[in-house]
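Here is the structure we will look at, set down as structure tokens.
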Amino acid sequence: MIVTKYHHEGQFPDLPALLTQLDGLLRSGEYILSAPVEQFEEDFAAYVGTRHTVGVNSGTDALVLALRALSVGPGHEVITVANTFHASALAITSVGARPALVDCTPDDFLMDLDRVEAAINEKTRAILAVHLFGKALDMDRLRDIADRHGLAVVEDCAQAVGARWAGRRVGSFGDAGCFSFHPSKNLAAAGDAGAVTTDRADIADALRVLRGLGQRTQNNHVVRGYNSKLDAVQALVLRHKLSRLDAWNDRRRELAARYSQDLSPHAAVPPPAGEEHVFHLYQVAVPGRDAVLAGLTAAGIEAIVRYPVPIHRQPAFADLSLGQSFPNAEHQAANTLCLPIHPDLTTAELTYVIDRFNEAAATTRGAHR
Ligand SMILES: *Cc1c(COP(=O)(O)O)cnc(C)c1O
């Protein structure tokens, strides 16, 4: 059996209707900042629960533009977590600021909020909170720390679209919420796409100027911006899928519950009551990770490591000396793997993955005795 990490075929609830819309759009020529983009922005703001959404080219650009809109730049530091995806830290360096890394916790691998205050100094401007793997950070605590120190909060929601903390969607807590619609994410465009959500009219306005080459009115370029707009083809695809996102995330939670029950003792830490995880990834820590991964790969299962190299060890950031002592991030990189999880995973595939994982983990345990 082959079990893939993604599956796109079942992701179009009414493909003929979408194709009719795309047909009309292609003939109209209204590709840039036209009605489909505005409609998606409205729908997505309503979904997340913010006043504004500004569509951009990618999740990476969403982070860069959000930091720029908050006037983060050279001489500033932005606190983020050491085990995030490269793009979170890259966005900070792209605006000329320095990432100040904080270790993750040893159990859920999210930013350790007990360590945040020690990383704050007079250069700190913002906290970049990453809802990794589809799991929401404790935004009450994080907001409280940020407010006490007068810091902006940018949420990296690339892996957590639809996730909730205390009943509210991620992306609605920070000064800006940054989303990726890369085809690997829970809400997938047919190419690169992203968005920023915010309740602040000043931030939304700054983002609109920044994404359009810094233009306030025709030929009036007031800042050095970017060309980073969500295009109308992606907006149609995303709007089509948005109505199904909650059902897909429900299915991910069902699959995760089965994994958690049957993979014991290696199962992921279950989310606390009241928190709604959307399981972008199903992450497990297992002794002999590389041997288990090889066993799964040999059995046709697309298990993956997210991410094998923590931020402070990446060659691209070597000149920044981002620090060496993030033991939990190192442990996560060396000992965890992600099992396939997507809404179209069948019960037979799930059972196959569980059986092969438990076999591989038992063999490795034997070898370690
Ligand atoms: C995917 C991802 C991004 C970047 O999104 P792109 O759309 O690929 O640019 C940023 N942060 C995290 C945590 C991600 O997973």
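Read the numbers this way: they start at 1 and go in the same order the structure lists the ligands and their atoms.
In this structure, of H86, H131, Q159, K185, the residue bringing a heavy atom nearest to atom 2 (C) of ligand 1 is K185. In the candidate list A91, A87, S180, S180 is nearest to atom 7 (O) of ligand 1, counting heavy atoms.
To the nearest 0.5 angstrom, I203 atom CD1 is 12.5 Å from T50 atom OG1.
A salt bridge between D205 and R216 is present, with a side-chain N of the basic residue lying under 4.0 Å from a carboxylate O of the acidic one. R253 and D250 are joined by a salt bridge, as a carboxylate oxygen and a charged side-chain nitrogen come within less than 4.0 angstrom of each other.
For E330 and H312, the side-chain atoms include at least one donor-acceptor pair closer than 3.5 Å.
Distances between N or O atoms of T84 and those of ligand 1 include no value under 3.5 Å.
Note: F179 and F181 have parallel aromatic rings, judged against thresholds of 30 and 60 degrees for the angle between ring planes. Between F133 and F109, the angle of the ring planes goes over 60°, which puts this pair in the perpendicular group of the 30/60° scheme.
Here the heavy atom of the protein found nearest to atom 13 (C) of ligand 1 is D156 OD2, 3.4 Å.
For H280, the closest heavy-atom approach to ligand 1 does not fall below 4.0 Å.
Atoms of ligand 1 found under 4.0 Å from any heavy atom of A158 (numbered from 1 in listed order, with element): 2 (C), 3 (C), 10 (C), 11 (N), 12 (C), 14 (C), 15 (O). Close approach to G59 involves these atoms of ligand 1, each under 4.0 Å from a residue heavy atom: 5 (O), 6 (P), 7 (O), 9 (O).
Contacts between S58 and ligand 1 below 4.0 angstrom, taking non-hydrogen atoms only, involve backbone and side chain alike.
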